Protein chains: 2
Amino acid sequence: MLDHSILETLPEELQKEALETIRVMRFPPGRVLFQAGEHCQGLPLMLSGAVKVQMTGVSGNSIVLYRMGADDICTLSIGCLMTGYGYRAEAVVEEESEAAMVPRGLFDRLMDQSAAFRLGIMESYGRRLDDLMLLVEEVAFRRMDERLEEWLQARRSPIRITHQELAVELGTAREVVSRLLKELERKGRVRLARGKIELVGS
Amino acid sequence: MLDHSILETLPEELQKEALETIRVMRFPPGRVLFQAGEHCQGLPLMLSGAVKVQMTGVSGNSIVLYRMGADDICTLSIGCLMTGYGYRAEAVVEEESEAAMVPRGLFDRLMDQSAAFRLGIMESYGRRLDDLMLLVEEVAFRRMDERLEEWLQARRSPIRITHQELAVELGTAREVVSRLLKELERKGRVRLARGKIELVGS
DNA sequence: GACAGTTCAGTGATAAAGTCACACTGTCCT
DNA sequence: AGGACAGTGTGACTTTATCACTGAACTGTC
């Protein structure tokens with residue numbers, strides 16, 4: 001337990017406090033970790049599983065901003081913790097996940113006393129910023145058919161997903177996904193079924 | 001000099017080191033602070049002026065990600081400093097600016113010894129993430145005519161900007177901006193001239 | 001002031017993507 | 001078997017992006 005790389009090299013005293021105050025929580029698929037507007041209780045360190053972070057615009061459309069997996073840190077929560085503002089996005093568990101919840105007090109002490117912890121936090125922030133910058137570029141300038149194909153190629157074949165969910169992944173409309181997929185099927189690149197996409201060849 | 005809120009409440013020793021090792025630099029409009037791929041020498045703390053941070057996609061199109069003004073921190077540089085990766089975006093000075101360059105060593109010591117400094121850094125990161133998340137939503141879902149009008153309304157009347165620059169602000173093509181502006185002119189909401197937009201009424 | 005070179009703006013044609021409306025089709029439940 | 005419903009397909013239309021080109025406005029030089 002508490003197997004997270006950011007907690008590896010802590011001074012003895014903090015190690016002890018960590019073991020005492022960090023609660024490990026387990027979340028089933030579908031569980032909503034937090035929603036827009038909510039406030040943050042502590043910093044979640046992902047131990048296992050997969051969580052997607054998405055936001056919903058004023059228009060009602062949603063887009064997946066990034067994913068968290070084992071050994072990730074919920075960067076959004078840090079800002080939430082430090083500034084006291086609510087979350088702007090929501091996090092949904094995709095695969096059964098475990099997370100270690102670091103309470104505010106311990107977080108402050110870790111930041112104060114462990115250079116390794118600070119480095120981990122900063123790196124995490126840096127990666128998130130990079131992810132989001134890339135996403136902005138993708139959404140603003142890249143063609144949807146390219147992005148869709150890329151998304152499909154990045155997983156293995158029987159992909160279980162609805163067109164609506166795929167639309168949220170890419171930040172577009174369901175109809176656009178349906179049409180592009182149909183086009184790919186006509187070209188013989190995929191086979192479609194309800195809730196399932198099979199990649200052909202490649 | 002060194003008038004930046006994040007340096008306000010430092011312990012005496014650090015205050016001294018700060019005065020000794022921080023160089024204040026002055027940049028004229030148009031000066032490129034950093035470019036994609038470059039590496040980072042230190043953390044710039046903005047003392048005055050305005051700098052825009054933009055990125056250029058593989059397609060060659062650019063989009064403004066955010067701006068920095070007085071008392072801001074160049075958040076991108078932190079990630080760059082900590083991870084050693086190059087910048088992914090570029091920063092261009094818009095108005096004559098002054099920045100205090102905090103070298104790596106001092107940055108580490110400040111993070112180590114000043115809770116106020118850490119808080120400032122974290123807040124800055126949080127704000128940047130928020131900015132980018134909002135931008136993703138804008139670019140993905142909002143209509144260009146609305147975004148353009150909003151952009152125009154946010155400044156005062158004789159706006160000196162070319163259609164190309166405005167396109168980069170909004171992350172779209174120059175032609176789109178030209179057409180939307182022409183439409184606004186037909187509706188009597190703006191008056192157009194080369195490199196200038198005048199808002200009518202409102 | 002005339003000219004050339006350059007930047008900026010306007011616009012038609014066409015393609016890609018988003019929106020709205022509605023029909024159709026698997027799946028599940030009783 | 002027969003709904004109920006989530007998921008998918010598609011036509012019609014609007015908005016945005018892209019390409020190609022024209023012309024207008026500014027700059028500097030002679």
Side-chain angles (χ1 to χ4, degrees), chain A residues 29-30 56-64 135-152 158-198, chain B residues 29-30 56-64 135-152 158-198:
Chain A
T56 300
V58 279
S59 58
N61 300 33
S62 299
I63 183 170
V64 172
L135 183 60
V136 168
E137 202 253 311
E138 280 233 346
V139 170
F141 301 127
R142 297 201 45 218
R143 295 179 43 131
M144 200 46 83
D145 51 359
E146 278 175 26
R147 293 179 55 210
L148 174 60
E149 282 224 58
E150 235 171 75
W151 194 96
L152 293 174
I159 306 173
R160 304 222 136 264
I161 193 170
T162 68
H163 296 183
Q164 176 56 51
E165 288 165 339
L166 194 33
V168 171
E169 291 289 328
L170 299 171
T172 182
R174 199 263 312 157
E175 297 92 316
V176 174
V177 171
S178 287
R179 275 192 254 265
L180 290 174
L181 281 175
K182 212 62 197 162
E183 184 61 25
L184 283 178
E185 191 178 43
R186 271 191 284 274
K187 287 188 198 157
R189 322 261 291 100
V190 300
R191 260 191 303 273
L192 301 178
R194 188 189 173 88
K196 190 172 78 172
I197 303 170
E198 283 181 274
Chain B
T56 301
V58 279
S59 58
N61 301 31
S62 299
I63 183 171
V64 172
L135 183 59
V136 168
E137 201 253 310
E138 280 232 347
V139 169
F141 302 127
R142 297 200 46 218
R143 293 181 45 128
M144 199 48 83
D145 51 358
E146 278 175 27
R147 294 179 55 210
L148 174 60
E149 282 223 58
E150 236 171 74
W151 195 96
L152 293 174
I159 306 172
R160 303 224 137 262
I161 193 171
T162 67
H163 296 185
Q164 177 56 51
E165 288 164 340
L166 194 33
V168 171
E169 291 289 329
L170 299 172
T172 184
R174 200 261 313 157
E175 298 92 315
V176 174
V177 170
S178 287
R179 277 193 252 264
L180 290 175
L181 281 173
K182 211 65 196 160
E183 185 60 25
L184 283 178
E185 192 178 44
R186 271 191 284 273
K187 288 186 197 159
R189 324 260 291 100
V190 300
R191 261 191 301 272
L192 300 178
R194 185 189 174 89
K196 190 171 75 170
I197 304 169
E198 282 180 275

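Note that this is a predicted model, so its numbers are computed, not measured. A, B, ... follow the sequence lines: proteins, then strands. Residue 1 opens every chain.
- Proximity of His163(A) to the phosphate of dG9(D): a side-chain N or O atom is located under 4.0 Å from OP1 or OP2.
- A salt bridge between Lys182(B) and Glu185(B) is present, with a side-chain N of the basic residue lying under 4.0 Å from a carboxylate O of the acidic one.
- The distance from atom CZ of Arg174(B) to atom CZ of Arg179(B), rounded to the nearest 0.5 Å, is 8.5 Å.
- When all heavy atoms of Glu137(A) and Val58(B) are compared, the pair lying nearest together is OE2-N, 3.4 Å.
- The distance from atom CG of Asp145(A) to atom C1' of dT16(D) is 15 Å, rounded to the nearest whole Å.
- Rounded to whole Å, the distance from CG on Leu170(B) to C1' on dT16(D) is 13 Å.
- With rounding to the nearest 0.5 angstrom, the CG atom of Leu181(A) is 4.5 Å from the CD1 atom of Ile197(A).
- For the atom pair Trp151(B) CH2 and Ile161(B) CD1, the distance stands at 3.5 Å (nearest 0.5 Å).
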What nitrogen or oxygen pairs link the protein and nucleotides 19-22 of chain C at under 3.5 Å?
{"from": "dT19(C)", "atom 1": "O4", "to": "Arg179(A)", "atom 2": "NH2", "distance (Å)": "2.6"}
{"from": "dC20(C)", "atom 1": "N4", "to": "Glu175(A)", "atom 2": "OE2", "distance (Å)": "3.2"}

Would you list the protein and nucleotides 28-30 of chain C atom pairs, both N or O, that sit under 3.5 Å from each other?
none

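- Arg142(B) places its CZ atom 16 Å from the P atom of dG18(C), with the value rounded to the nearest Å.
- Summarising the geometry, the separation between CD on Glu183(A) and P on dG11(D) is reported as 13 Å, rounded to the nearest angstrom.
- Rounded to whole Å, atom P of dA16(C) lies 16 Å from atom CZ of Arg147(A).
- Between Met144(B) atom CE and dT15(D) atom P the separation is 14 Å, expressed in whole Å.
- In terms of heavy-atom proximity, Thr56(A) sits nearest to Ser62(A) at OG1-OG, 2.8 Å.
- Here the straight-line distance linking atom CG of Leu180(B) with atom CE of Met144(B) works out to 8.0 Å at 0.5 Å rounding.
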Step by step, work out the salt bridge (Lys or Arg N to Asp or Glu O under 4.0 Å) result for Glu150(B) and Arg147(B). CA-CA 5 Å; Glu150(B) 236 171 74; Arg147(B) 294 179 55 210; over 6 Å; no
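- One cannot find a donor-acceptor pair under 3.5 Å joining the base of dT27(C) and the side-chain atoms of Arg194(A).
- Checked options Val139(B), Asn61(B), Thr172(B); the residue passing with Phe141(A) is Asn61(B) (criterion: side-chain contact (heavy atoms from CB on, under 4.5 Å)).
- Per the geometry, CG belonging to Leu181(B) stands 14 Å off C1' belonging to dT11(C), to the nearest Å.
- When each of Leu170(A), Val168(A), Leu135(A) is checked for a side-chain contact (heavy atoms from CB on, under 4.5 Å) with Val64(A), only Val168(A) meets the rule.
- Place Arg186(A) and Glu165(A) on DNA chain D by their nearest nucleotides, and Glu165(A) ends up nearer the 5' end.
- A donor-acceptor pair is defined here as one N or O able to donate and one able to accept, closer than 3.5 Å; such a pair exists between the side chain of Glu165(A) and the backbone of Thr162(A).
- Five base pairs at each end of the helix from dG1(C)-dC30(D) to dT30(C)-dA1(D) define two local axes, and these are offset by 30° (rounded to 10°).
- Residue Leu180(A) contributes atom CG, which lies 14 Å from atom C1' of dT10(D) at whole-angstrom precision.
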